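This report concerns only the one structure given below.
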Amino acid sequence: MITMKDIIREGNPTLRAVAKEVSVPLSDEDIKLGKDMMEFLKNSQDPVKAEELKLRGGVGLAAPQLDISKRIIAVHVPNGDLENPEPTLSAVMYNPKILSHSVQDACLGEGEGCLSVDREVPGYVVRHNKITLSYVDATGEKQKIRLKNYEAIVVQHEIDHLNGVMFYDHINPENPYALKDGVLVIE
Ligand SMILES: CC(C)(C)[C@H](NC(=O)Nc1cc(F)cc(F)c1)C(=O)N(CC(=O)NO)CC1CCCC1
Ligand SMILES: [Zn+2]
């Protein structure tokens with residue numbers, strides 16, 4: 001079972017490497033890894049398990065954060081409405097690829113953090129508001145989906161990890177809260 005000790009932190013060169021595509025059909029090893037990554041996210045969002053295992057509440061995780069330089073991500077985005085247990089997006093994605101994106105950009109009003117970054121880095125992280133994404137799912141099927149707003153941001157954050165990009169690489173060093181006209185701020 002994955003816990004925080006398995007997550008590498010900034011300074012580990014694997015976070016700056018470009019991860020390798022996984023072969024399809026998926027190996028049992030890659031299928032198990034995807035399951036373990038999803039289990040970590042679910043555990044991290046379970047108040048009892050998160051407390052027991054001392055987990056930071058996570059919405060996404062990329063294999064390089066486990067020191068495994070493979071193009072695998074897991075995302076588990078809870079529904080904003082806590083009454084509704086259905087997550088808005090829950091998937092393990094193999095070889096995810098952004099096929100196209102909106103002209104419209106967006107950022108989280110709160111900025112971003114990272115499970116591999118043990119410090120606050122303030123500032124807007126400007127990303128695409130909408131993306132069209134292809135990936136291979138845990139059953140080996142090719143999927144093509146469209147995402148927008150928070151779900152699109154989470155997936156872009158995770159795909160960045162596959163390319164050795166950290167969220168703060170996108171922050172304007174001169175003015176971390178500078179925004180070009182028309183960027184959607186997502187609260
Ligand atoms: C770094 C951390 C603050 C833990 C961040 N969580 C988060 O932003 N909020 C959150 C946590 C929950 F459990 C449930 C929920 F709906 C919201 C996160 O998981 N990530 C994932 C990560 O580090 N992946 O590598 C960072 C987010 C910043 C923007 C997108 C992902
Ligand atoms: Zn991260």
Side-chain angles (χ1 to χ4, degrees), residues 2-19 33-34 36-93 96 98 101 105-131 133 147-171 176 183-187:
I2 296 170
T3 60
M4 294 308 294
K5 68 172 176 24
D6 302 303
I7 294 177
I8 62 173
R9 308 300 154 93
E10 49 182 339
N12 187 316
T14 305
L15 286 175
R16 288 302 191 183
V18 175
L33 177 57
D36 289 346
M37 291 167 70
M38 179 58 72
E39 182 199 36
F40 167 83
L41 294 176
K42 289 180 179 173
N43 287 345
S44 80
Q45 293 181 23
D46 175 313
V48 173
K49 291 195 182 127
E51 166 62 33
E52 256 166 35
L53 298 164
K54 301 277 171 274
L55 306 179
R56 276 182 88 184
V59 281
L61 187 68
Q65 293 179 278
L66 302 170
D67 211 7
I68 301 171
S69 201
K70 290 183 175 182
R71 300 186 82 80
I72 307 171
I73 67 173
V75 292
H76 189 67
V77 181
N79 199 299
D81 160 15
L82 285 181
E83 293 309 305
N84 177 347
E86 278 306 299
T88 60
L89 174 67
S90 184
V92 178
M93 300 181 179
I98 295 174
H101 60 79
D105 286 340
C107 65
L108 297 182
E110 308 280 305
E112 296 191 8
C114 182
L115 287 161
S116 294
V117 178
D118 294 329
R119 60 192 172 105
E120 300 270 315
V121 185
Y124 288 140
V125 179
V126 177
R127 298 186 185 277
H128 308 307
N129 180 224
K130 297 180 183 179
I131 57 173
L133 181 71
L147 296 172
K148 63 178 191 274
N149 302 330
Y150 186 65
E151 285 74 17
I153 296 224
V154 174
V155 168
Q156 289 173 84
H157 176 111
E158 302 314 331
I159 291 177
D160 265 359
H161 278 304
L162 305 182
N163 298 320
V165 175
M166 301 295 282
F167 73 89
Y168 45 74
D169 298 345
H170 299 282
I171 296 175
V183 177
L184 181 70
V185 180
I186 297 169
E187 296 304 347

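As the structure lists them, so they are numbered: ligands from 1, and atoms in each ligand from 1. All figures in this text were calculated on a predicted structure; none of them were measured in a lab.
- For the atom pair CG of D81 and CD of E86, the computed distance is 11.5 Å after rounding to the nearest 0.5 Å.
- For the residue pair N129 / D105, no side-chain donor-acceptor distance below 3.5 Å is found, with atom types taken as modelled.
- In this structure the side chain of Y168 reaches within 4.5 angstrom of the side chain of V117, judged on heavy atoms.
- A heavy-atom distance below 4.5 Å is found between the side chains of L108 and I153.
- Using a 4.5 Å cut-off on side-chain heavy atoms (C-beta onward), L162 and P96 make contact.
- Within the protein, the N, O or S atoms sitting under 2.8 Å from the Zn ion (ligand 2) are C114 SG, H157 NE2, H161 NE2.
- In this structure, the side chains of H157 and V59 stay at 4.5 Å or more apart for every pair of heavy atoms.
- Other residues, nucleotides and ligands place more than 12 heavy atoms under 6.0 Å from the CD atom of E187.
- Note on K54 versus E51: salt bridge recorded, some NZ/NE/NH1/NH2 to OD/OE distance being below 4.0 Å.
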Could you go through ligand 1 and list every pair where one of its N or O atoms sits under 3.5 Å from a protein N or O, giving the atom names and the distance to one decimal?
residue: ligand 1; atom: 6 (N); partner: G57; partner atom: O; Å: 3.4
residue: ligand 1; atom: 19 (O); partner: V59; partner atom: N; Å: 3.0
residue: ligand 1; atom: 23 (O); partner: L115; partner atom: N; Å: 2.8
residue: ligand 1; atom: 24 (N); partner: G60; partner atom: O; Å: 3.1
residue: ligand 1; atom: 24 (N); partner: H157; partner atom: NE2; Å: 3.4
residue: ligand 1; atom: 24 (N); partner: E158; partner atom: OE1; Å: 3.2
residue: ligand 1; atom: 24 (N); partner: E158; partner atom: OE2; Å: 2.7
residue: ligand 1; atom: 25 (O); partner: Q65; partner atom: OE1; Å: 2.8
residue: ligand 1; atom: 25 (O); partner: Q65; partner atom: NE2; Å: 3.0
residue: ligand 1; atom: 25 (O); partner: H157; partner atom: NE2; Å: 3.2
residue: ligand 1; atom: 25 (O); partner: E158; partner atom: OE1; Å: 3.0
residue: ligand 1; atom: 25 (O); partner: E158; partner atom: OE2; Å: 3.4
residue: ligand 1; atom: 25 (O); partner: H161; partner atom: NE2; Å: 2.9

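- The number of heavy-atom neighbours closer than 6.0 Å to CD of E110, taken from other residues, nucleotides and ligands shown, is 12 or below.
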